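One structure is given here, and the rest of the page talks about it.
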Amino acid sequence: MPLALEWNNVTNGGKTTLAKNLQKCLTNCRVISQDDFFKPESEIETDKNGFLQYDVLEALKMDEMMSVISDWMENPRHSLWSTDWASAEEIPILIIEGFLLFNYKPLDTIWNRSYFLTIPYEECKRRRSTRVYEPPDPPGYFDGHVWPMYLKHRREMEAIPWELVYLDGTKSEEELFSQVYEDLIHELAKQKCTQHATKPIQERSDKETPRGELDFTSNTPVT
């Protein structure tokens, strides 16, 4: 089974950087970014204050994103660029990073691991002020739209039934990478054991000890 991971966080929390750093070190890894599926500005609604409503699901082409994810789930190895024959035996990994993933129900059933990067208000606002956006943020946009929408979506996440790993976005890139990389290596080991346990006995070597006695769950997200 392929390994599907999810990054969700407040804006400017460091999710994209973390995903790219992990992709460099994980064999057979694909990253899909929710930011790549924004609708054009002409299709984004505005509120009563004239603020463009980018921090809502309606601002995203989620059907297109789901199509890309489904293609990968159906044939993960075909979606990878690696031509290394040794890596062909590795478990394919999909990392999906975005800011409104836990709030989109069609994604609920595919995750093996879910992470949420958090940063406090002041740090988030500071980081946002250093970024250049197109269109640029108008005065008052962070306090009038970005942060209120984050708090709204964060409250909705309280009903999530599966395990969520919270990450401190104020930590260094190196610390965050080490924490998540170690967790993923552990998860990959579990997946490999699951594959082995569900493999037909006749396909195993006669010298192998069957491992059916181990209680592994397969093809299910962590709950």
Side-chain angles (χ1 to χ4, degrees), residues 2-20 22 31-39 44-45 47 51-66 68-70 72-73 93-128 131 137 141-171 173 175-177 179-184 186-187 217 219-223:
L3 183 67
L5 313 169
E6 177 183 35
W7 263 251
N8 203 97
N9 76 331
V10 63
T11 179
N12 302 109
K15 62 187 182 302
T16 303
T17 299
L18 178 57
K20 289 181 177 179
L22 286 165
V31 173
I32 295 176
S33 174
Q34 193 175 35
D35 285 355
D36 293 336
F37 296 91
F38 273 112
K39 294 177 181 177
I44 304 299
E45 295 184 0
D47 66 7
F51 291 146
L52 288 166
Q53 301 293 286
Y54 273 107
D55 289 61
V56 295
L57 283 169
E58 290 75 18
L60 296 151
K61 295 176 285 188
M62 293 303 296
D63 288 345
E64 290 187 18
M65 180 176 173
M66 284 303 300
V68 174
I69 294 171
S70 296
W72 185 90
M73 295 294 288
I93 301 170
L94 175 65
I95 295 176
I96 305 174
E97 59 97 357
F99 65 103
L100 277 177
L101 299 174
F102 299 144
N103 307 82
Y104 190 63
K105 294 297 183 183
L107 289 172
D108 286 359
T109 60
I110 74 169
W111 310 122
N112 296 93
R113 296 295 281 168
S114 299
Y115 302 88
F116 190 88
L117 275 157
T118 64
I119 53 174
Y121 166 84
E122 292 294 343
E123 177 62 14
C124 183
K125 189 172 184 178
R126 184 194 67 79
R127 293 186 188 183
R128 179 90 181 191
R131 298 279 294 274
D137 287 353
Y141 189 67
F142 183 86
D143 289 310
H145 173 66
V146 176
W147 191 255
M149 292 307 299
Y150 160 68
L151 295 177
K152 175 181 179 293
H153 298 315
R154 180 72 182 268
R155 287 192 295 270
E156 292 174 357
M157 285 171 45
E158 294 176 0
I160 288 177
W162 64 87
E163 179 185 0
L164 192 60
V165 180
Y166 286 90
L167 304 172
D168 182 357
T170 64
K171 289 183 176 180
E173 289 182 18
E175 287 178 298
L176 284 172
F177 172 84
Q179 179 182 350
V180 177
Y181 183 77
E182 182 178 343
D183 187 51
L184 295 187
H186 177 70
E187 184 66 25
T217 56
N219 295 341
T220 57
V222 175
T223 57

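Quick caveat, the model's predicted, so the values are computed rather than measured. Computed over heavy atoms, backbone and side chain alike; hydrogens, waters and symmetry mates excluded.
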- line: Taken in chain and number order and not counting sequence neighbours, the residues that satisfy ring pair (Phe, Tyr, Trp, His ring centres under 6.0 Å) with Phe37 are none

message: With a 6.0 Å cut-off on the ring centroids, do Phe142 and Tyr121 count as close?
response: yes

- request: For the residue pair Tyr115 and Asp183, establish whether any side-chain heavy-atom pair is separated by less than 4.5 Å.
  value: yes

query: Any side-chain heavy-atom pair from Leu100 and Asp55 closer than 4.5 angstrom?
result: no

- request: Give a yes or no on whether the backbone of Leu107 and the side-chain of Trp111 come within a donor-acceptor separation of less than 3.5 Å.
  value: yes

query: Who pairs with Lys171 by salt bridge (Lys or Arg N to Asp or Glu O under 4.0 Å), at least two apart in sequence or on another chain?
result: none

query: Hey, does the side chain of Tyr181 reach the backbone of Leu176 with a donor-acceptor pair shorter than 3.5 angstrom?
result: no

message: Can you confirm whether more than 12 heavy atoms, excluding those of Lys39, are under 6.0 Å from its NZ atom?
response: yes

- prompt: Can you list the residues that meet the ring pair (Phe, Tyr, Trp, His ring centres under 6.0 Å) rule with His153, with sequence neighbours excluded?
  reply: none

query: For Phe38, which residues count as a ring pair (Phe, Tyr, Trp, His ring centres under 6.0 Å) partner, sequence neighbours excluded?
result: Tyr54, Phe99

task: Start with the C-alpha distance between Ile96 and Met65, add both sets of side-chain angles, then the distance that settles side-chain contact (heavy atoms from CB on, under 4.5 Å), and finish with yes or no.
output: CA-CA 10 Å; Ile96 305 174; Met65 180 176 173; 3.3 Å; yes

message: Checking the side chain of Ser114 only, and the main-chain atoms of Val165 only, is there a donor and an acceptor separated by less than 3.5 Å?
response: no

message: Within the 4.5 Å heavy-atom criterion, are Arg128 and Tyr141 side-chain neighbours or not?
response: yes

message: Any salt bridge linking Glu122 with Lys125? Criterion: basic side-chain nitrogen under 4.0 Å from a carboxylate oxygen.
response: no

Residues forming a salt bridge (Lys or Arg N to Asp or Glu O under 4.0 Å) with Lys152, sequence neighbours excluded: Glu156

message: Going by the rule side chain to side chain contact (heavy atoms under 4.5 Å, CB included), which residues pair with Ser33 if we only count those two or more places apart in sequence or in a different chain?
response: Asp35, Asp36, Glu97

